[in-house]
Peer 1: 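Okay, handing you the structure first.
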There are 2 protein chains.
Amino acid sequence: MSLPHALLTALVERPGTGAELARRFDRSIGWFWRASHQQIYRELARLEAAKWIRSAPVEDARGRERSYAVLAAGRRELKRWIAEIEDTPRAVRDELMVRLRAEAALGPAGLEAQVRRLIEREEARLKLYREHEQRAFAGRVDTRERRLQHLVVTSGIRMVSLRIEIAKEALEILGMEVGRDGES
Amino acid sequence: MSLPHALLTALVERPGTGAELARRFDRSIGWFWRASHQQIYRELARLEAAKWIRSAPVEDARGRERSYAVLAAGRRELKRWIAEIEDTPRAVRDELMVRLRAEAALGPAGLEAQVRRLIEREEARLKLYREHEQRAFAGRVDTRERRLQHLVVTSGIRMVSLRIEIAKEALEILGMEVGRDGES
DNA sequence: CGGGGCATGTAACCTGTTACATGATTAG
DNA sequence: CTAATCATGTAACAGGTTACATGCCCCG
């Protein structure tokens, strides 16, 4: 389970409030570990109870905004976790593949429109990722730290690109008539 | 949520017992939707309660083995689901990326060994997938149905390959000394 | 000063995981 | 005959989702 450690990482990079973290999760960290604001608040409360982070009311704040920062024990925990053996091989979840296989088993069922929507969404996402890469890294990928950060961003780009490529191939096959060979 | 529909798909492809489904999930469907045997039994009970599948004791069975098969209502439900709008943009979960980003934030913390193990695991998986592709499709990718099935299998291969490629690039960066440029 | 939006939650529920239980079957 | 294995579960819990609640601020 990684949510607490994703949050610790975000807060090591820069302290912030719950809402700000939720926004950052939408912008970049969340590319690889999505979390709703409810999850984030619940987890921040746990991390504070464990004394891995501390919070303080934001000065001049509207409402009850609190800013969170990582404590020494939190850094230790994060460092420990990085090298921890990950024995659970991760839960794979890809609905498109399940649907493709279902359509293969049942015959045409209207998956094409669905896939077109998926392609649109993923292309929008790809555009966003590429813009982020330009903005954040424009030519400056020098240190070990920045290389690692850059690898994470480009990995996102490559994974989304692959998903789009596969979805487009799926479209071609879905367009075929049943029983036809298509090799004509 | 797709587990019920992954199970329906598996049972449309071929009826079977709970344990057999668990094994099939390890072999191929589960590449894209993993499920433990406990989950499978629980979900089979629900699907039967919903009258989407029916079960019968296996003839000459050892123990209380029951074989499940999809009913007409189950096929209708699966067909409906295939074309359903998928508005939840899917929960992305990639621990490696979270760890890379954490190591970028904290400096070297022993991630290299972890990544090496990951590469080994993924390469074993890749080998498995490739063997499966050979065995199941050897040259015979003719009909629409088989093309879809083949796309699912090759997509698995391509996704795992990309993960390995990225992990190997990560290894190179992780091996760098902090503060060095590496462009020497 | 009233309505909409925002930050921070609470509650109920569902999914997925972990640990264990039971009875039958097969292997030695 | 006994031990290991297999199929089928049960129970308890942690993680994740959805719907709603509260109080403050800012805009008009």
Side-chain angles (χ1 to χ4, degrees), chain A residues 1-8 10-11 15-26 29-30 32-50 53 55-68 81 86-95 98, chain B residues 1-7 10-11 15-26 29-30 32-50 53 55-68 81 85-95 98:
Chain A
M1 213 276 305
S2 307
L3 177 57
H5 302 97
L7 283 170
L8 283 174
L11 287 175
T17 69
E20 199 196 332
L21 282 169
R23 265 179 262 113
R24 275 199 251 163
F25 261 69
D26 281 345
I29 304 172
F32 293 111
W33 209 276
R34 192 162 291 282
S36 62
H37 80 267
Q38 293 91 335
Q39 249 183 304
I40 289 174
Y41 285 120
R42 183 163 64 181
E43 200 59 44
L44 284 174
R46 283 177 193 161
L47 292 177
E48 185 160 30
I53 63 178
S55 71
V58 172
E59 306 265 316
D60 288 340
R62 6 180 294 156
R64 32 181 180 164
E65 272 180 303
R66 300 186 70 78
S67 184
Y68 291 85
W81 174 82
E86 174 198 358
D87 42 357
T88 38
R90 209 167 8 69
V92 185
R93 298 276 129 119
D94 195 326
E95 270 198 21
V98 177
Chain B
M1 214 277 304
S2 307
L3 177 57
H5 302 97
L7 283 170
L11 287 174
T17 68
E20 199 195 333
L21 282 169
R23 265 178 264 114
R24 273 199 253 163
F25 261 68
D26 280 345
I29 304 172
F32 294 110
W33 208 274
R34 193 163 290 282
S36 62
H37 80 267
Q38 293 91 336
Q39 248 183 304
I40 289 175
Y41 286 121
R42 183 164 64 182
E43 199 60 43
L44 284 174
R46 284 177 192 161
L47 292 176
E48 185 160 30
I53 64 178
S55 71
V58 173
E59 307 263 316
D60 287 341
R62 7 177 294 154
R64 31 182 178 163
E65 273 181 303
R66 299 187 71 77
S67 185
Y68 292 85
W81 174 81
I85 305 258
E86 173 199 359
D87 42 357
T88 38
R90 196 93 311 294
V92 185
R93 300 275 127 121
D94 195 326
E95 270 199 31
V98 178

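Chain letters run A, B, ... following the sequence lines, proteins first and then strands; every chain starts at 1.
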Peer 1: Tell me the interatomic distance from Trp33(B), atom CH2, to dG16(C), atom C1', rounded to whole angstroms.
Peer 2: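 Answer to the nearest Å: 12 Å.
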Peer 1: Expressed in angstrom and rounded to an integer, what is the separation of Glu48(B) atom CD from dT8(D) atom P?
Peer 2: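 In whole Å, dT8(D) P lies 12 Å from Glu48(B) CD.
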Peer 1: Return the value, rounded to whole Å, for the distance between atom CZ of Arg93(A) and atom P of dG16(D).
Peer 2: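 In whole Å, dG16(D) P and Arg93(A) CZ are 11 Å from each other.
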Peer 1: Is any N or O donor-acceptor pair between the side chain of Arg42(B) and the base of dG16(C) shorter than 3.5 Å?
Peer 2: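 Such a pair exists between side chain and base.
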Peer 1: So, is Arg23(A) near the phosphate of dA7(C), with a side-chain N or O under 4.0 Å from OP1 or OP2?
Peer 2: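 So the side chain of Arg23(A) is within the cut-off, an N or O lying under 4.0 Å from OP1 or OP2 of dA7(C).
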Peer 1: Specify the closest pair of heavy atoms between Arg34(A) and Asp26(A), including all atoms of both residues, with the distance to one decimal.
Peer 2: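 Closest approach of Arg34(A) to Asp26(A): NH1-OD1, 4.0 Å.
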Peer 1: Rounded to whole angstroms, how far apart are NE2 on His37(B) and P on dT5(D)?
Peer 2: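 Going from NE2 in His37(B) over to P in dT5(D) covers 16 Å.
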Peer 1: Between Val58(A) and Thr17(A), what is the shortest heavy-atom contact and its length?
Peer 2: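 Minimum heavy-atom separation between Val58(A) and Thr17(A): CG2-CG2, 3.8 Å.
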Peer 1: Do Tyr68(A) and Leu8(A) have side chains that approach each other closer than 4.5 Å (heavy atoms only, starting at C-beta)?
Peer 2: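 No, their side chains stay 4.5 Å or more apart.
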Peer 1: Would you say that Leu21(A) contacts Arg24(A) through its side chain, given a criterion of any heavy-atom pair below 4.5 Å between the two side chains?
Peer 2: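 The answer is yes; the side chains approach within 4.5 Å.
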Peer 1: Kindly indicate whether the side chain of Val98(B), heavy atoms from C-beta on, has any atom under 4.5 Å from the side chain of Trp81(A).
Peer 2: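 The answer is yes; the side chains approach within 4.5 Å.
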Peer 1: Quick check on DNA chain D: between Glu43(A) and Tyr68(B), whose nearest nucleotide comes earlier from the 5' end?
Peer 2: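 The residue closer to the strand's 5' end, by nearest nucleotide, is Tyr68(B).
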Peer 1: Using whole Å, report how far CG of Leu3(B) lies from C1' of dG16(C).
Peer 2: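 Rounding to the nearest Å, CG of Leu3(B) and C1' of dG16(C) are 10 Å apart.
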Peer 1: Check the phosphate of dT17(D) against Gln39(A), side-chain N and O only, distance under 4.0 Å to OP1 or OP2. Yes or no?
Peer 2: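 Checking Gln39(A) against dT17(D): at least one side-chain N or O falls below 4.0 Å of OP1 or OP2.
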Peer 1: How long is the line joining CZ of Phe25(A) and P of dT17(D), in whole Å?
Peer 2: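 Going from Phe25(A) (CZ) to dT17(D) (P), I get 12 Å.
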Peer 1: Send over the distance from Ile40(B) CD1 to dA7(D) C1', rounded to a whole Å.
Peer 2: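 In whole Å, dA7(D) C1' and Ile40(B) CD1 are 12 Å from each other.
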Peer 1: Tell me: CZ of Arg46(A) to P of dT8(C), nearest whole Å?
Peer 2: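 Spelled out: CZ on Arg46(A) to P on dT8(C) is 18 Å.
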Peer 1: In terms of side-chain heavy atoms of Ala19(A), which of dG16(C), dT8(D), dA7(C) is nearest?
Peer 2: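 Of dG16(C), dT8(D), dA7(C), dA7(C) is nearest to the side chain of Ala19(A).
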Peer 1: Quick check: on DNA chain C, is the nucleotide nearest Gln38(B) upstream (toward 5') of the one nearest Tyr41(A), or the reverse? Name the residue that is more 5'.
Peer 2: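 Looking at the nearest nucleotide for each, Tyr41(A) comes out on the 5' side.
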